[in-house]
Amino acid sequence: MTASTEHTSPEDLEQIRRDALAQLQSVSDEASAEEFRIKYLGAKGIVKKIFKGMKSIAPEERKAFGARANTLRTVIEEAFKEAPWMQKSTGTAPHSFDPTLPGFPFPRGSLHPLMQIRNEIRDIFISMGFDVAHGPEVESDWYNFEALNFAPHHPARDMQDTFTISDNVVLRTHTSPVQIRVMEKQQPPVRCIMPGRVYRNEEVSARSYCLFHQVEGLYVDENVSFADLKGTLLAFARRFFDEKTHIKIRPSYFPFTEPSVEVDVECFLCKGAGCSVCKKSGWLEILGAGMVHPNVFASAGVDPEKYTGFAFGMGIERIAMLKCGIDDIRLFFENDVRFLNQF
Ligand code: PHE
């Protein structure tokens, strides 16, 4: 065969393929690789000439020939790229590395929205002089309930559906047990927040999930009053939501605080006028709180005659949903990047 003749037969194409692959075996350095490239794939190379010769082929045969020629070109190009010498010398072979090309974009991760909100809450309390403490997620019945003034058969235990690990061992249902652990280690004054995961055996829906996150707060010293609780939570709400926001305090019940309250903030979307997020009430419930019960101090070895204190607990998912307009709690746990990318 000669590639320079006008017409190349199918047999010629096959011969060219064999010659090219055989010659590739002896490509062993930059010079022989370049020689091969010019001979077969260059602007005046064999492959180009085959395509040029197509003009002289009868129209009814041209299509089938074109397909064969295309296949040949692909085979030679691929074999050239894959040749053993090219593999070894990536970076030095001609045209294999262009240092002026832009690099591949490197996708950057970001903090999960729940962690962003947790950090915001944490940083506000740190700036007010609070420390941060953590406790275990697998907790004993004593820390999760009894030390917090839930009597063994107290009906208040039914308030929370609990995952039980074994006799007297549970997945903590709130972060309040960390209050006891902190006070056991440290006599007042105590100023501490305790963020973490909690678990409840609830039916999964758009509004509730079997695990979620809370931030617990505890302030214990001589002469701590309910006014300190109000002032601290108002300062927090004004830093976190809006500097002019108001809070509303309603009586409630928790076994470990007396008195117990629930705290609402003015709806930051409608500024109290009433909208769908606050269900037309103008207020959003964000946390439970109260003055630490003397029995809790006694469980933790703190003198209830000498010290008083307040505690509070807020759910991070709920606050994140309100702040970011998220209407399904399950989104936080599905790790769908289309959701996470938005934060
Ligand atoms: N532990 C309570 C809950 O999970 C919240 C709370 C914490 C209430 C501290 C009062 C004081 O609902």
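Counting convention: from 1, in listed order, for ligands and their atoms alike.
Annotation: side chain of Arg238 is in contact with side chain of His246 (closest heavy-atom distance under 4.5 Å).
Under the 30°/60° scheme for interplanar angles, the aromatic rings of His174 and Phe145 are found to be tilted. Ring orientation note: the planes of His213 and Phe333 are close to parallel, at an angle under 30° on the 30°/60° scale.
Inspection of the Glu11 and Ser9 side chains reveals an N or O donor paired with an N or O acceptor under 3.5 Å. Checking Ser127 against Arg239 by side-chain atom types alone, a donor-acceptor pair falls below 3.5 Å.
Residue contacts with ligand 1 for His293 are absent, since no atom lies close enough (heavy atoms, distance under 4.0 Å).
By the 4.0 Å N-to-carboxylate-O rule, Arg18 lies close enough to Glu14 to be salt-bridged with it. A salt bridge links Glu34 and Arg37; the closest N-O separation between the charged side-chain nitrogens and carboxylate oxygens is under 4.0 Å.
Ligand 1 places these atoms under 4.0 Å from at least one heavy atom of Phe256: 1 (N), 2 (C), 6 (C), 7 (C), 8 (C), 9 (C), 10 (C), 11 (C). Under a 4.0 Å criterion applied to the non-hydrogen atoms of Phe312, ligand 1 contributes the atoms 7 (C), 9 (C), 11 (C). Below 4.0 Å from some heavy atom of Ala289 lie the following atoms of ligand 1, by number and element: 8 (C), 10 (C), 11 (C). The Gly313 neighbourhood of ligand 1 comprises atoms 6 (C), 7 (C), 9 (C), with distances under 4.0 Å to a heavy atom of that residue. Atoms of ligand 1 found under 4.0 Å from any heavy atom of Ser176 (numbered from 1 in listed order, with element): 1 (N), 7 (C).
A cation-pi geometry, defined here as NZ or CZ lying under 6.0 Å from the six-membered ring centre and within 45° of its normal, does not hold between Lys306 and Phe297.
Of the polar atoms of Gln214, at least one N or O is found under 3.5 Å from an N or O of ligand 1, judged by distance alone. The shortest N or O to N or O distance between Glu216 and ligand 1 is not below 3.5 Å. Residue contacts with ligand 1: Gln179 is placed with no nitrogen or oxygen under 3.5 Å of a nitrogen or oxygen of the ligand (distance criterion only).
Heavy-atom distances between Met194 and ligand 1 stay at or above 4.0 Å for every pair. Taking 4.0 Å as the cut-off, Met314 does not count as a neighbour of ligand 1 on heavy-atom distance.
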